[in-house]
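One structure is given here, and the rest of the page talks about it.
Throughout, protein chains are lettered first and strands after them, A, B, ... in sequence-line order, and every chain is numbered starting at 1.
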There are 2 protein chains.
Amino acid sequence: MSRSGAGKPTPNIAAVAQGEESPQVSDATLCGFIGYHMKRAFNVVQADLNQTLKPLGLRMVTYSALVLIVDNPGLRQSQLAAALDVERANLVVIVDELERRDLISRDRVPSDRRAYALNPTPAGRHLYERALEAVRGHEARMLNGMEEETKQVVIRAMSRIRRGSEGGSRGG
Amino acid sequence: MSRSGAGKPTPNIAAVAQGEESPQVSDATLCGFIGYHMKRAFNVVQADLNQTLKPLGLRMVTYSALVLIVDNPGLRQSQLAAALDVERANLVVIVDELERRDLISRDRVPSDRRAYALNPTPAGRHLYERALEAVRGHEARMLNGMEEETKQVVIRAMSRIRRGSEGGSRGG
DNA sequence: ATATAACTGTTGTTCTTTATAACTAATAAT
DNA sequence: ATTATTAGTTATAAAGAACAACAGTTATAT
C-alpha cells in the first residue's frame with residue numbers, strides 16, 4: 001500500500017540511499033512528462049490518505065462511496081459504480097462492507113424491485129463528518145500552505161485533462 | 001485496465017448514462033479536494049498511456065524502467081527498484097521481461113559479484129526512441145494545447161506535493 | 001582469521017485489486 | 001408472449017504489491 005514510510009516504523013533504507021547517498025540515477029527524461037509528476041505526487045497522496053482513513057476503518061474507495069451516498073441519498077448501485085468508475089461486480093463487496101458496518105442500508109425501491117436505494121444510517125452520517133474532517137487535514141498536509149490560486153490552476157488543469165477524454169463539447 | 005473507452009470498440013454504456021443521461025449524482029464534496037481531481041485525471045492519463053504503449057509491447061512500468069536504464073546505463077537493480085518505487089522482488093519479473101525481449105542485458109559487475117549492471121541493447125535504445133515519440137504524442141493529446149505556464153505551475157505543484165513527504169530541507 | 005552483519009538478486013506466498021463471464025430476478029420492448 | 005435489457009450478484013481469473021526467506025557475496029567487528 002505505502003512505500004513512502006508515512007506511518008511505518010522501519011525506515012526505507014533503499015529510499016534513503018537513493019535520496020541522500022547515491023543520487024546519481026537520473027529521471028530527467030521522465031521529468032519532462034507531466035504524467036510522471038502526476039503519478040509520483042498521487043502515490044504520495046494516496047499513501048497518506050489511506051493512512052489517514054485507516055483509523056476510521058475506511059479505504060479510499062469506501063470513503064468515496066460513503067461520501068457519494070451521503071451526498072446523494074437513494075443512489076442506486078449502478079449509479080454509484082459509474083460515479084466511482086468501478087465495475088458493478090466489484091462495487092458489491094464495497095457496499096457489502098459499508099452495510100455490514102451499519103454505515104448504509106440497502107433499501108428496496110418500490111418502483112423498481114430489481115434496484116437497491118443506498119441510504120446512509122446515522123452512524124454513516126457521523127463517520128462521514130469525521131472522515132471529512134480527517135481528509136481536510138490530510139489535504140492541508142499535502143498542500144502545505146499552497147496558494148489558493150495555484151490550487152485552482154491545478155484543479156482546472158486536472159479537470160481539463162480528465163474531460164479531454166470525453167466528447168468535449170460541454171463547457172466547464 | 002481501462003474504463004474510459006480510450007481504445008475500446010465497445011462504448012461504456014454506464015459512463016455514457018452517467019455523463020449524459022442521468023447527471024444527478026453529485027460529487028461536489030469530493031470536488032472540493034485536489035486529490036480527487038488528481039485521481040480522476042490520472043486514471044485517464046494512465047489508461048491512454050497504456051493504450052499508447054501497447055503496440056510497442058510495453059506497459060507503464062516497463063516503459064519507465066527502459067527509460068531509466070537507457071538514461072542510466074550500468075544501473076543496479078536495487079537502484080532501479082528504488083527509482084521506480086517498487087519492491088526489489090517485484091522488479092525481477094520486470095527486468096526479466098525486458099531481458100527476454102533483448103531490450104536490456106544483465107551484465108555482471110566485476111567489483112561486486114552480487115550485482116547486475118543493467119544496460120540497454122541497440123534494440124532497447126531503438127524502442128526507447130520509438131516509445132518516447134509515442135509518449136510525447138500521448139502527452140500532447142492529454143494536455144491538448146495547454147499553456148506552457150499552466151504546465152509549469154502544475155509540475156511545480158506536483159513536485160511540491162511529492163517532496164512534502166520527505167525531509168523537505170532541499171530546495172528545488 | 002573468523003564470525004557476524006548487511007546487501008543483491010531471487011523465489012515463493014499471500015493479499016488486494018481489477019477484469020470477465022455467467023447467473024437470477026425484474027423491467028422494457030416487440 | 002417472447003425477447004431483449006437492466007440491476008444486482010457470484011465465481012473466477014489475471015495482475016500488482018507486500019512480505020518472508022533464501023543463497024551468494026561483501027563489509028564489519030572481534
Side-chain angles (χ1 to χ4, degrees), chain A residues 1-18 21-22 39 43 46-47 50 54 59-62 64-65 74-82 84-99 104-118, chain B residues 1-5 8 10 12-18 21-22 39 43 46-47 50 54 59-62 64-65 74-82 84-99 104-118:
Chain A
M1 178 193 310
S2 162
R3 279 161 255 83
S4 62
K8 281 198 178 176
T10 57
N12 190 335
I13 297 173
V16 171
Q18 194 264 340
E21 194 173 344
S22 52
K39 175 172 176 50
N43 275 355
Q46 188 174 36
N50 278 321
K54 185 173 285 183
R59 294 169 295 148
M60 210 177 71
V61 63
T62 52
S64 306
L75 200 67
R76 312 291 161 84
Q77 286 190 200
S78 319
Q79 295 175 302
L80 181 56
L84 289 175
D85 219 3
V86 306
E87 298 290 325
R88 291 192 320 282
N90 295 329
L91 184 70
V92 174
V93 298
I94 296 171
V95 172
D96 278 349
E97 184 178 328
L98 293 176
E99 189 188 32
I104 66 167
S105 64
R106 272 192 253 234
D107 306 326
R108 297 234 83 125
V109 27
S111 63
D112 186 343
R113 290 188 315 201
R114 295 170 298 181
Y116 285 115
L118 303 177
Chain B
M1 179 195 308
S2 161
R3 281 162 253 84
S4 62
K8 283 197 176 173
T10 57
N12 190 334
I13 297 172
V16 171
Q18 194 265 337
E21 193 173 346
S22 52
K39 175 172 175 50
N43 275 356
Q46 188 174 35
N50 278 322
K54 184 174 284 183
R59 293 169 294 148
M60 210 177 71
V61 63
T62 52
S64 306
L75 200 66
R76 311 292 161 84
Q77 285 188 202
S78 319
Q79 295 175 302
L80 182 56
L84 288 174
D85 220 5
V86 307
E87 298 290 325
R88 292 193 318 282
N90 295 330
L91 183 71
V92 174
V93 298
I94 297 171
V95 173
D96 279 349
E97 185 178 328
L98 293 176
E99 189 189 33
I104 67 167
S105 64
R106 270 192 254 234
D107 305 326
R108 296 235 84 125
V109 25
S111 63
D112 188 343
R113 292 189 314 202
R114 294 170 297 182
Y116 285 117
L118 304 177

*asked:* On a heavy-atom basis, which atom in B:Leu118 and which in B:Ile104 lie closest, and how many Å separate them?
replied: CD2-CD1, 4.4 Å
*Please give, in whole Å, the distance from C:dT16 C1' to A:Arg59 CZ?*
9 Å
*asked:* Under a 3.5 Å distance rule, please check whether A:Arg108 uses its side chain to pair with a backbone N or O of A:Arg113 as donor and acceptor.
replied: yes
*Rounded to the nearest Å, what distance is computed from the CG atom of residue A:Leu91 to the P atom of nucleotide C:dT17?*
13 Å
Nucleotide N/O of nucleotides 9-12 of chain D paired with protein N/O under 3.5 Å:
| residue | atom | partner | partner atom | Å |
| --- | --- | --- | --- | --- |
| D:dT9 | OP1 | A:Arg106 | NH1 | 2.9 |
| D:dT9 | OP2 | A:Gln77 | OE1 | 3.1 |
| D:dT9 | OP2 | A:Gln77 | NE2 | 2.8 |
| D:dT9 | OP2 | A:Arg106 | NH1 | 2.9 |

*What pair of heavy atoms forms the shortest contact from A:Gln77 to A:Val92, and how long is it?*
NE2-CG2, 4.3 Å
*Rounded interatomic separation in angstrom, taking CD from A:Gln46 and P from D:dG16*: 15 Å
*Hey, are the side chains of B:Leu91 and B:Ile94 touching, using non-hydrogen atoms and a 4.5 Å cut-off?*
yes
*Give the rounded distance in Å between these two atoms: CD of A:Glu87 and P of D:dA7.*
14 Å
*Toward the 5' end of DNA chain C, which comes first, A:Val61 or B:Ala115, by nearest nucleotide?*
B:Ala115
*Contact summary for A:Ala115 and A:Val109, nearest pair of heavy atoms*: O-CG1, 3.2 Å
_OP1 or OP2 of C:dC7 under 4.0 Å from side-chain N/O of B:Ser78_ = no
*When you check every protein heavy atom under 4.0 Å of nucleotides 25-30 of chain C, what one-letter string (B, S, -) results, 5' to 3'?*
BBS---
*To the nearest 0.5 angstrom, please state how far the CG atom of A:Leu98 sits from the CZ atom of A:Arg106.*
9.5 Å
*Sequence neighbours left out, what passes side-chain hydrogen bond (donor to acceptor under 3.5 Å, both in side chains) with A:Arg59? Give chain and number order.*
A:Glu97
*Quickly work out the B:Met60 CE to D:dA17 C1' distance and round it to whole Å.*
13 Å
_Between P on C:dT16 and NZ on A:Lys54, what's the gap in Å once rounded to a whole number?_
11 Å
_Please give me the minimum heavy-atom distance between B:Ser78 and B:Arg88, naming the atom from each residue._
OG-CD, 4.0 Å
*Have A:Arg76 and A:Tyr116 got a donor and an acceptor in their side chains that come within less than 3.5 Å?*
no
*Touch check for B:Arg108, heavy atoms < 4.0 angstrom, all strands: base, sugar-phosphate only, or nothing?*
nothing
